[in-house]
Amino acid sequence: MSTTPNSSNVSNTGTRHAASGSPEYDVAICGAGPAGMALALLLHQRGMAARRIVLIDARSLAQASDDPRSLALAWGSRQILDAIHAWPAVATPIEQIHVSRRGQFGRSLIDRSEHGLPALGYVTRYGDIVTALGAACLQAGISMLRPARVENIDEQADHVRVVLAGDVPAVRAAIVVQAEGGLFSDQASRSQRRDYQQSAVIAQVRAERPIAARAYERFTEQGPLALLPQDQGGAEGEYSLVWCLRPDEAARVQALDDASFLTELGAAFGTRLGRFVHATPRLAFPLGLNADPHSTARTVAIGNAAQTLHPVAGQGLNLGLRDVAVLAKLLAQSADPAHLAQFTALRKQDRQTTVRITDTMARIFASTSPLQSLLGLTLTAIDLVPPARNMLAELLMYGRR
């Protein structure tokens with residue numbers, strides 16, 4: 001929700017003003033979602049003064065904290081959030097990930113015990129993440145302009161001017177970080193773009209025979225179906241569902257009554273968890289790849305603003321937080337073009353590998369090709385060969401290092 005603010009309702013703490021009357025910062029971050037706020041906190045932790053950082057977002061913190069979407073956090077992401085004291089209050093551990101192909105022989109099971117970790121990852125709500133991050137930012141005294149909508153970014157040789165809607169003064173910064181991604185369907189086209197002709201149907205569902213701390217990624221002819229364990233007030237058998245379908249099928253499934261929806265979900269997933277007995281109202285959004293590693297001398301994009309991925313394997317936010325960790329380390333040394341260029345080079349391999357893997361999985365597994373039987377055998381091979389299984393687990397937990 002975009003809000004055009006006025007000077008009376010915009011929160012702005014710790015601002016230092018230049019002679020021109022515009023606020024001056026080392027780093028202005030456009031987008032105060034998980035990636036943007038994590039970057040601000042890591043910069044501050046690494047020595048940048050809180051008053052030299054500003055977060056700009058179209059939503060208030062209260063609005064963002066009400067967001068009910070579920071997100072998967074890899075183990076590596078937990079390490080980042082723990083380091084800035086912003087781990088969400090409620091997060092359900094994933095100790096196993098079960099990967100299978102509907103209608104084909106073969107599956108793979110990744111277990112946290114093989115890696116000596118308490119969990120492979122966690123499931124939490126977007127609102128819980130931003131609540132924790134927002135509280136940490138407020139405690140640190142990091143400047144925030146929200147709700148405030150960015151209208152234009154004017155890059156000059158020695159600074160960047162961020163023009164805001166309404167009568168909010170423009171922001172002047174040495175470096176501007178784009179951290180606001182939005183949905184695939186709302187984004188301008190970038191150099192790597194693919195419309196998967198799929199929509200993700202999301203909901204919370206309950207199964208009658210849950211397996212504690214086990215997540216599922218099940219590939220079907222139309223796209224992957226993910227079930228992520230997510231405790232809600234102690235209720236057992238709760239899962240966050242992401243069901244990728246062709247757009248017409250997604251619309252049809254979204255419109256079903258609960259009983260019919262649960263029946264179709266059971267037919268697509270199988271009987272591993274028994275019957276599905278409850279579902280919340282469904283939402284749906286289109287899926288695609290939209291990525292571009294491009295940056296200018298004084299601006300750079302991270303997270304979904306740099307690469308919007310298919311949700312298969314749950315890598316979107318995790319890749320964004322890996323962007324954050326590297327960028328914070330560099331800009332804390334000096335907020336200058338040289339360090340932005342270094343960031344782009346350092347992040348190239350992990351970004352390209354993650355894009356390639358998620359793109360391949362989204363396209364090849366979601367088909368009726370005769371190759372599907374080979375893909376089922378591939379899952380079996382991964383399960384039987386520990387080095388292959390460990391490599392896959394490492395990519396899911398930490399990315400390409």
Side-chain angles (χ1 to χ4, degrees), residues 26-31 33-43 45-46 48 53 71-81 83-84 121 153 155 160 173-182 184 187-188 190-194 288-361 391-392 394-401:
D26 289 334
V27 179
I29 304 167
C30 301
M37 286 196 286
L39 175 61
L41 288 165
L42 274 174
L43 285 170
Q45 185 183 73
R46 288 183 170 274
M48 188 175 287
I53 308 163
L71 296 171
L73 293 169
W75 175 254
S77 294
R78 166 149 201 173
Q79 292 177 305
I80 294 170
L81 294 174
I84 53 178
I153 294 177
E155 183 172 358
V160 183
I175 296 293
V176 168
V177 180
Q178 292 276 16
E180 180 60 61
F184 169 75
Q187 296 174 346
R190 304 182 191 136
S191 58
Q192 287 180 278
R193 187 173 179 88
R194 189 191 309 280
L289 166 66
N290 199 30
D292 189 350
H294 174 73
S295 61
T296 66
R298 292 188 176 274
T299 70
V300 67
I302 61 172
N304 277 4
Q307 59 267 321
T308 298
L309 310 179
H310 192 286
V312 63
Q315 286 301 293
L317 176 56
N318 297 299
L319 182 61
L321 289 175
R322 298 199 295 271
D323 285 344
V324 163
V326 174
L327 185 59
K329 182 178 180 180
L330 294 169
L331 291 185
Q333 298 172 35
S334 180
D336 58 35
H339 284 99
L340 281 196
Q342 190 177 356
F343 166 81
T344 301
L346 288 173
R347 293 297 298 140
K348 181 178 180 180
Q349 188 176 56
D350 184 23
R351 283 173 157 179
Q352 287 185 344
T353 298
T354 306
V355 167
R356 186 167 56 249
I357 288 174
T358 56
D359 180 53
T360 300
M361 293 175 75
M391 183 177 70
L392 177 59
E394 289 284 327
L395 281 170
L396 292 175
M397 291 187 292
Y398 302 109
R400 184 68 180 270
R401 297 183 293 178

Q: Return the minimal non-hydrogen interatomic distance between Gly31 and Ala179, and the atom names on each side.
A: O-CB, 3.7 Å
Q) Once you round to the nearest 0.5 Å, how far does CG of Asp26 lie from CD1 of Ile175? A) 9.0 Å
Q: Sequence neighbours left out, what passes side chain to side chain donor-acceptor pair (under 3.5 Å) with Gln192? Give chain and number order.
A: none
Q: Output the distance between atom NZ (Lys329) and atom CG (Leu331), rounded to the nearest 0.5 Å.
A: 13.0 Å
Q. Is the closest side-chain donor-acceptor distance between Thr296 and Glu155 under 3.5 Å?
A. yes
Q: Would you give the length of the straight line joining atom CE of Met37 to atom CG of Leu41, rounded to the nearest 0.5 angstrom?
A: 8.0 Å
Q. Taking it one step at a time, do Arg190 and Thr308 satisfy side chain to side chain contact (heavy atoms under 4.5 Å, CB included)?
A. CA-CA 10 Å; Arg190 304 182 191 136; Thr308 298; 4.0 Å; yes
Q | Spatial distance of atom CG (Asp292) from atom CD (Gln307) [nearest 0.5 Å] | A | 10.0 Å
Q. Has the side chain of Gln45 got a donor or acceptor atom that lies under 3.5 Å from a matching backbone atom of Ala83?
A. yes
**Q.** Approximate separation, where rounding is to 0.5 Å, of Leu321 CG and Leu81 CG
**A.** 5.5 Å
Q. Which pair of non-hydrogen atoms, one from Ala335 and one from Ala174, has the smallest distance, and what is that distance?
A. O-CB, 3.8 Å
Q: Could you please spell out the steps behind the side chain to side chain contact (heavy atoms under 4.5 Å, CB included) verdict for Arg356 and Thr360?
A: CA-CA 6 Å; Arg356 186 167 56 249; Thr360 300; 4.3 Å; yes
Q) Just wondering, do Leu42 and Ile80 contact through their side chains at under 4.5 Å, heavy atoms? A) yes
(Q) In the structure I gave you, are the side-chain heavy atoms of Asn318 and Thr354 within less than 4.5 Å of one another anywhere? (A) no
Q.
Using only atom types and a distance under 3.5 Å, with no angle test, would you say the side chain of Asp350 pairs donor to acceptor with the backbone of Leu319?
A. no
Q. If you look at every heavy atom in Leu43 and Ala332, which pair is closest and at what distance?
A. CD2-N, 3.9 Å
Q.
I want to check something: taking the side chain as every heavy atom from C-beta on, are Leu330 and Gln333 in contact at a cut-off of under 4.5 Å?
A. yes
Q. For Arg194, which residues count as a salt bridge (Lys or Arg N to Asp or Glu O under 4.0 Å) partner, sequence neighbours excluded?
A. Asp359
(Q) Any non-hydrogen side-chain atom of Leu309 less than 4.5 Å from a side-chain atom of Asn304? (A) no
Q: Take Gln178 and Ile153, measure what side chain to side chain contact (heavy atoms under 4.5 Å, CB included) needs, and give me the verdict at the end.
A: CA-CA 10 Å; Gln178 292 276 16; Ile153 294 177; 2.9 Å; yes
Q | Heavy-atom check, side chain of Arg347 versus side chain of Ile302, under 4.5 Å | A | no
Q: Can you tell me which residue pairs pass the ring pair (Phe, Tyr, Trp, His ring centres under 6.0 Å) test with a partner in residues 319-357, sequence neighbours excluded?
A: none
(Q) Are Leu73 and Arg78 packed together at the side-chain level, in the sense that at least one heavy-atom pair is separated by less than 4.5 angstrom? (A) no
Q: Answer whether the closest heavy-atom distance between the side chains of Phe184 and Arg193 falls below 4.5 Å.
A: yes
Q. Does Gln187 reach the main-chain N or O of Gly181 with its side chain, forming a donor-acceptor pair under 3.5 Å?
A. yes
Q.
Nearest 0.5 angstrom please: Ile29 CD1 to Glu180 CD, how far?
A. 12.5 Å
Q) Side chains of Leu327 and Asp323: does their closest heavy-atom pair fall under 4.5 Å? A) no
